[in-house]
Structures are given as C-alpha cells and as structure tokens.
Engineer: 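Below you will find the structure I want to go over with you.
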Protein chains: 2
Amino acid sequence: MLRDRVCQKLRQQILSGELPPHTRLPSEANLMKSFGVSRVTVRQGMRTLAGEGLIYSLQGRGSFVSAPRATYNLSALLGFHEAMRSMPFNATSRLLSFRQVAADREVAIALKVKRGDSVVEIRRARCLNGRPVSLDLSYFPRDIGERLQNQNLDGDIFPLLESRGVRLGRSRLWIEARGCPEAYAVDLSVAPGTPILQLSRLTLSPLGRPIDYEYLFCRGDAFQYKVELERHPF
Amino acid sequence: MLRDRVCQKLRQQILSGELPPHTRLPSEANLMKSFGVSRVTVRQGMRTLAGEGLIYSLQGRGSFVSAPRATYNLSALLGFHEAMRSMPFNATSRLLSFRQVAADREVAIALKVKRGDSVVEIRRARCLNGRPVSLDLSYFPRDIGERLQNQNLDGDIFPLLESRGVRLGRSRLWIEARGCPEAYAVDLSVAPGTPILQLSRLTLSPLGRPIDYEYLFCRGDAFQYKVELERHPF
DNA sequence: CAGTGGTCTAGACCACTGT
DNA sequence: CAGTGGTCTAGACCACTGT
C-alpha cells in the first residue's frame, strides 16, 4: 500500500535516531511530491504514526518527531526489553562494565550480605530510538552474579537468570527525584544536576532471597512509569 | 464539524443501548446520504468510533457495534464506576437488595466474624451501555454496613465508605471460572450454566481489618480483567 | 451479482503560525 | 504574507462477502 511506504520510511528514520525527537518532518506538500501520492494518503500515513506515538502535529507549524515516552509498568516485574516489546520504540542496551566490588552499606542491607562482601556490579545504558534514557546499576550476590559472567548482557537479565536456574518472585520499588550525579550525566546526555528519576528496585526469589538490587537513573522526559498503588499509602 | 455529527449520533445510539452489540450500522453510502456528507467524512467519523472501541468493520460485510469489553484493572482497588470513568462506556448500577443476613462459612472466615453472625449484604447489577455485565454481592461487617443504610448505592461503595470515615487499604483477589448459577442467570441475561467469571475480593483497612468481602459474577464477554501478577505464582 | 468496506486521487477552503 | 496542518468534497477502482 502507498500509505505504508510513507509510514515505513518515516518510522525507520525515527527509530534509527536519524530523525531525533522534536525534529520537523517534511511538510505534507513535500511528502506528497517525494512519495508521489495524494494528500489524503500522506495524512493517513501520518495518522498511523501519530497513533503509534511516534509523531505529533501542530496546526500551522508542522509535524514533529515525538520524544519517546514509553509506559514502563514497573510492578509487572519485567525487564526493560520485555516491557518495551509492545512499544513502538527501538530498545537497545549497552553493557558499560561488569566487575566485582565491595558492597556498600545500602547494597549490603538490600542483598543481606556483610558490608564489604564481594558482590557483582553490572552497569548498563538503555536507549530508545538510539538515545539514552536510563542508566542501570545492578548488584547481585556473588554466586548469582557469577552465572552472568561471559553472557550477552545486551538484553534483559531476568530471563537470562531464569534460564540459568534462578527463580524470581516479587520485587519492591522505591522512587525518588534527584539531580543527575556528575558520574552519570555523560551517559544520559544531560547536564549534571538535571532532575532525574532514581528508582531502586529489590527483586527477591520466591522464597524471599535477595537476587538483584538495582538503581535506575532515568531521564524524566523519556518514560512514563506506572506502578500499581495501594489506595492510600500507609 | 461535520464528522462530529456522525460520531455523536452513532455514539449516543450505542451508549444508550439503542444499537445493541453486533448490530450492523447503516452502510457508509447510507450515512453519506442521511448526514449529507462525503464518504471521507463518514469514514473519519467511523474511524474515531473504532478508535474508541465502539465499532468494528468487516470488509464486504459492514460495520458493527462492538461488545463493550472494558479493561477493569482489579489491582488498582477501584470501584466499578471509578474504573470505567476513563472508558467510552456508559456505566450504570442498580441496587437489587440491601439486607442483613447470617454469615455463611466463607463470608464469616473472610470478614473474621462468627458463622451465623449478622452481616450486611448488598446485591447490585452493573451495566455497560444498558446491558448487564456483572452481578455484585458484597458483604460488610454489621457496623460498617450500617453506615451505608439509606445511602444512594447506585454509584461506587468505596468512595462512599471513605466519605463516611472508613479507610481502605489493600485487597486480595481470587479468580475462577464457573457455570452461571441459576439464581443470577436472569440478572445477567445469560442461560444458567453459561461460563462466567467469578471474582472474590476481600478488601482490608490499612490496619488489616476486613471491610468488604465481595463476589462478582461477570459475563466473560463483557470485560477484560487486568491483574498485576507476580512473575511466577508461588 | 449487487453491496460492502479499503484505498487512493485531485482539488478546495479554512484556521493558524511566524516573518 | 507564504506556508503549515485541519476539514471536506466528488469521484474512482479495488477486494471481499453473501446470495
């Protein structure tokens, strides 16, 4: 179909990052010419992309690439790629480092190990449409972290752990807003001090053993987070 | 706008129940004539309604009224009307009975009262677009149920309770499929034995006191239920 | 076969934005 | 003012369904 050609071309350019967020798309008149189709057909294609959340239009000004704002349902206990699978975004991860470190106070308490005990730290950057949206710092008890050694960590860790015999149960989540620490500013492409969301998530085995304590430093403009809440916090 | 006239007229007919689910709408050609608009305008209106989930189209056959299939997020601890507020459906409730009864075994355990103790029972029918979708049986400890006496129970009970000083905390939910009991078949407009969903929901105060034990007998074709799950039940 | 929705064209007038 | 997206018309050809 003609309209699909318009969709696919623009979608590819957006998902690849070639057209970054808030870029103006060619005008409808230009798209008519370059694709050799009528205006209705151009508009049907644009409407499809708008429905996917990839573009938005402003009368008198033009159509623009949306900033990806995926809904990340944190209570479903899904990894980043699992959660993004149903979204019209191109989700990628990049392993930054994998090392053994001494547990600091917070990590030690969360993972129920002694302060200074050796734990496995994994740092990864998550991208949507080629732009960084979050930085993940995960800490695992040593015996569990070792099962991830020499694995491909560009995907989700949860399914990987499960395939290696680690069962997951429930997780607990804390959310706060803070200024972006200098150490993470470059990887997130924001200025230090920019308000970001920090999520801390502890995932437990079905029997309550700590499996993973994770910090996510998230650009606030990238996600909508969803957490099922009690009616009133108490 | 012309297309809005098409939308509004059809939407009103669907929400009022005048056009029941699976009814064929007038053909696009007929709508063009009766509204005096072009085909594109008719189709834009139809697309809006399809986006709202109110109609669906089959090539070569026609366009039809959708069966309302709302997503009812049960874990959010919302009442029926609260949950439906964002849906394009016309949600109504009807009080069937309000009485004091002796607690049977299951209710007594759930509400932590003695078997045979007096509890308040409220029976209500819930409708979407004028058609019955579920039958609710709610049981309250007597002191709480009494606060609902002489209240308007056509809306949600949760906000009503809260306005009368009862705080709600969390709820637990059980789901099962069963044949529709004869006693409820008429109110649900199904034949006895038709597979329906039975939900049992116990709602607790923030301090863990049982507030409400509720059975929902739901037509399976009316809802999509959503419950956040643990990764693996255990 | 007649009737349905799916796709597409060429053209019009409009409201709105920015210069 | 020129350029943008928003709405709408009249008409065409098509694939599909049911008789």
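All values reported here derive from a predicted model rather than from experimental measurement. Residue numbering restarts at 1 for every chain, and letters A, B, ... go by the order of the sequence lines.
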Engineer: Rounded to the nearest 0.5 Å, how far does CG of B:Leu15 lie from CG of B:Leu54?
Structural biologist: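 The distance works out to 5.5 Å.
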Engineer: Check each residue of residues 26-36 of chain A for a non-hydrogen atom within less than 4.0 Å of any atom in DNA chain D, then write out the ones that pass by number, or none.
Structural biologist: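 Residues of residues 26-36 of chain A that come under 4.0 Å of DNA chain D are, in numerical order, A:Ser27, A:Glu28.
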Engineer: Provide the full list of ring pair (Phe, Tyr, Trp, His ring centres under 6.0 Å) pairs with a residue in residues 36-63 of chain B, sequence neighbours left out, each pair given once.
Structural biologist: B:Tyr56-B:Phe64
Engineer: Please verify the inter-ring angle class for A:Tyr215 with A:Tyr213; under 30° counts as parallel, over 60° as perpendicular, anything in between as tilted.
Structural biologist: perpendicular
Engineer: Side chains of B:Arg126 and B:Ser134: donor-acceptor distance under 3.5 Å anywhere?
Structural biologist: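 No, no side-chain donor-acceptor contact under 3.5 Å.
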Engineer: Taking the minimum atom-to-atom distance to the side chain of A:Arg43, which one of D:dT7, C:dG18, C:dT7 wins?
Structural biologist: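 Output: D:dT7.
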Engineer: Ignoring hydrogens, what is the shortest heavy-atom contact between B:Asn152 and B:Leu160? Give both atom names and the distance.
Structural biologist: O-CD2, 4.0 Å
Engineer: Within this structure, what is the CG-to-C1' distance between A:Leu58 and C:dA15, rounded to whole angstrom?
Structural biologist: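 In whole Å, C:dA15 C1' lies 14 Å from A:Leu58 CG.
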Engineer: Taking side chain to side chain donor-acceptor pair (under 3.5 Å) as the test, write out the residues that go with B:Ser38, two or more places apart.
Structural biologist: B:Thr41
Engineer: Which heavy atom of A:Leu19 sits nearest to which heavy atom of A:Val65, and what is that distance?
Structural biologist: O-CG1, 3.7 Å
Engineer: Give the dot-bracket line for DNA chain D from 5' end to 3' end: parentheses for intra-strand Watson-Crick or G-U pairs under 3.5 Å, square brackets for crossings, | for inter-strand pairing, dots for unpaired.
Structural biologist: |.||||||||||||||.|.
Engineer: Quick check: on DNA chain C, is the nucleotide nearest B:Val40 upstream (toward 5') of the one nearest B:Arg24, or the reverse? Name the residue that is more 5'.
Structural biologist: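 Mapping each residue to its closest nucleotide by heavy atoms, the 5'-most match is B:Arg24.
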Engineer: Of the options D:dT9, C:dG6, C:dT9, whose atoms approach the side-chain atoms of B:Thr41 most closely?
Structural biologist: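 Nearest to the side-chain atoms of B:Thr41, counting from C-beta on, is D:dT9.
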Engineer: Salt-bridged, B:Arg43 to B:Glu28, with N to O below 4.0 Å?
Structural biologist: yes
Engineer: In whole Å, I'd like the distance from the CE atom of A:Met1 to the P atom of C:dT9.
Structural biologist: 12 Å
Engineer: Could you walk me through whether A:Thr203 and A:Phe158 pass side-chain contact (heavy atoms from CB on, under 4.5 Å), step by step?
Structural biologist: CA-CA 10 Å; A:Thr203 300; A:Phe158 284 172; 3.7 Å; yes
Engineer: For the pair A:Asp154 and A:Arg124, find out whether any cationic side-chain nitrogen is under 4.0 Å from an anionic carboxylate oxygen.
Structural biologist: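 Here A:Asp154 does not pair with A:Arg124 in a salt bridge, since their nearest N and O are not under 4.0 Å apart.
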Engineer: Give me, pair by pair, the N or O atoms of the protein and of nucleotides 12-14 of chain C that are less than 3.5 Å apart, along with how far apart they are.
Structural biologist:
unit_1, atom_1, unit_2, atom_2, d
C:dA12, N6, A:Arg39, NH1, 3.1

Engineer: Residues two or more places apart in sequence or in another chain: which of them pass side-chain contact (heavy atoms from CB on, under 4.5 Å) with B:Gln44?
Structural biologist: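 A:Arg47, B:Arg3, B:Val40.
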